[in-house]
Amino acid sequence: MAAMIVAVDGPVAAGKGTLARRLAAALGCAYLDTGSIYRAVAAKILVAGGDPENAETAAAAARDLEPIDLERDDLRLEKVSQAASKVAAIPAVRAALLDFQRRFAAAPPRGLNGAVLDGRDIGTVVCPGADVKFFLTASVEARAARRHKELLERGEQSIYARVLQDLRERDARDSGRATAPLRAAEDAVRLDTSAMDADQAFEVAMAEIARRGLARQPG
Ligand code: CDP
């Protein structure tokens with residue numbers, strides 16, 4: 001049977017990563033956090049003292065990216081988040097990263113049933129033929145509160161008002177760019193997670209997958 005592909009898109013801190021990881025485990029699929037790819041490109045540029053808004057610098061960093069770069073421990077820093085959304089607006093960067101994402105989706109590791117990818121443009125650009133697409137949303141306040149809590153739990157300093165401002169800036173950049181902007185695919189299932197916890201979002205998504213007859217046993 002062809003590998004199944006699940007797309008999970010949405011704005012900053014809408015709960016994509018948590019949902020996508022759990023779906024992958026439950027469905028016996030591989031998981032790819034596509035945000036980590038843009039973050040890795042940004043982190044490499046920042047460490048080298050480069051400008052993430054310089055198209056040539058960013059495109060070169062994207063072309064040179066290696067899988068090991070996705071394991072860097074600085075990917076979730078807030079300055080990397082902002083720089084990631086800057087490199088992500090550069091068309092040559094997106095073009096350089098597209099094949100890697102599509103290959104992952106089409107050829108999940110042996111024995112797995114498929115792939116779950118989360119990001120901004122999975123349902124619209126990377127995998128427009130995905131078997132099921134989720135578009136997660138939540139109020140800006142709910143998302144900022146989640147990210148603030150996440151940062152504090154990781155032992156980082158965090159000020160709620162600053163998190164809210166950064167999140168708004170990044171959402172505006174991600175939605176406003178000309179290439180592969182953040183938007184829901186027409187056939188995406190929309191989930192507003194403002195008042196849902198991770199378990200509830202997972203239950204709703206799994207029910208949708210079961211309704212379509214897509215759930216399979218791992219292996
Ligand atoms: O986890 P969070 O929602 O904060 O962000 P992320 O998914 O790690 O993505 C970081 C940044 O990468 C986003 O702000 C986007 O600018 C960019 N990105 C993208 O453009 N396309 C994707 N498929 C995934 C991420």
Side-chain angles (χ1 to χ4, degrees), residues 4-21 23-24 31-42 52-53 55 58-59 62 80-102 104-106 114-147 163-196 201-202 204-205 208-209 212 214:
M4 102 161 127
I5 299 177
V6 179
V8 181
D9 290 302
V12 176
K16 306 177 296 293
T18 306
L19 177 64
R21 221 173 262 115
L23 289 178
Y31 166 57
L32 181 64
D33 165 8
T34 66
S36 70
I37 305 174
Y38 293 92
R39 287 172 180 273
V41 172
E53 285 179 289
V80 174
S81 309
Q82 288 294 341
S85 82
K86 289 177 183 162
V87 303
I90 299 169
V93 169
R94 305 199 73 84
L97 302 176
L98 195 55
D99 262 11
F100 173 79
Q101 297 173 79
R102 286 191 174 152
F104 184 97
V116 181
L117 288 83
D118 83 52
R120 302 292 186 287
D121 61 339
I122 308 305
T124 51
V125 175
V126 179
C127 303
D131 297 277
V132 57
K133 304 174 183 178
F134 293 105
F135 191 83
L136 300 193
T137 55
S139 69
V140 73
E141 292 81 9
R143 295 187 288 120
R146 279 180 202 159
R147 185 50 48 93
V163 172
L164 183 63
Q165 188 194 330
D166 285 356
L167 188 149
R168 285 199 161 113
E169 276 175 28
R170 196 142 63 90
D171 276 355
R173 210 181 288 124
D174 291 348
S175 304
R177 69 185 175 220
T179 310
L182 166 70
R183 66 178 175 78
E186 269 175 25
D187 52 351
V189 177
R190 290 166 184 266
L191 278 187
D192 184 334
T193 68
S194 306
M196 280 186 202
F202 175 70
V204 174
E208 180 62 34
I209 288 170
R212 294 174 186 220
L214 287 168

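Note that these values count all heavy atoms, side chains included, but never hydrogens, waters or copies made by symmetry.
Residues in residues 5-15 take part in no side-chain hydrogen bond (donor to acceptor under 3.5 Å, both in side chains) pair, two or more places apart or across chains. The stretch residues 176-189 participates, sequence neighbours left out, in these salt bridge (Lys or Arg N to Asp or Glu O under 4.0 Å) pairs: K133-D187, D174-R177.
Residues forming a salt bridge (charged side-chain N to carboxylate O under 4.0 Å, His left out) with R147 (at least two apart in sequence, or on another chain): E150. Residues forming a side-chain hydrogen bond (donor to acceptor under 3.5 Å, both in side chains) with S175 (at least two apart in sequence, or on another chain): none. Partners of A14 under the side chain to side chain contact (heavy atoms under 4.5 Å, CB included) rule, at least two apart in sequence or in another chain, are P11, L136, R143. Residues passing the salt bridge (charged side-chain N to carboxylate O under 4.0 Å, His left out) test with E169: none are found, sequence neighbours excluded. Taking R173 as the reference, nothing meets the salt bridge (charged side-chain N to carboxylate O under 4.0 Å, His left out) condition, with sequence neighbours excluded. Qualifying side chain to side chain contact (heavy atoms under 4.5 Å, CB included) partners for V204, counting only residues two or more places apart in sequence or in other chains: L191, M196. Residues passing the side chain to side chain contact (heavy atoms under 4.5 Å, CB included) test with A84 are Y38, R39, A42, sequence neighbours excluded. With sequence neighbours excluded, the residues satisfying side chain to side chain contact (heavy atoms under 4.5 Å, CB included) with A40 are L65, D69, L70, L75. For D118, there are no salt bridge (charged side-chain N to carboxylate O under 4.0 Å, His left out) partners, not counting sequence neighbours.
No side-chain donor from either of T18 and R146 sits under 3.5 Å from a side-chain acceptor of the other.
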*Could you walk me through whether I37 and L32 pass the side chain to side chain contact (heavy atoms under 4.5 Å, CB included) test, one step at a time?*
CA-CA 9 Å; I37 305 174; L32 181 64; 4.3 Å; yes
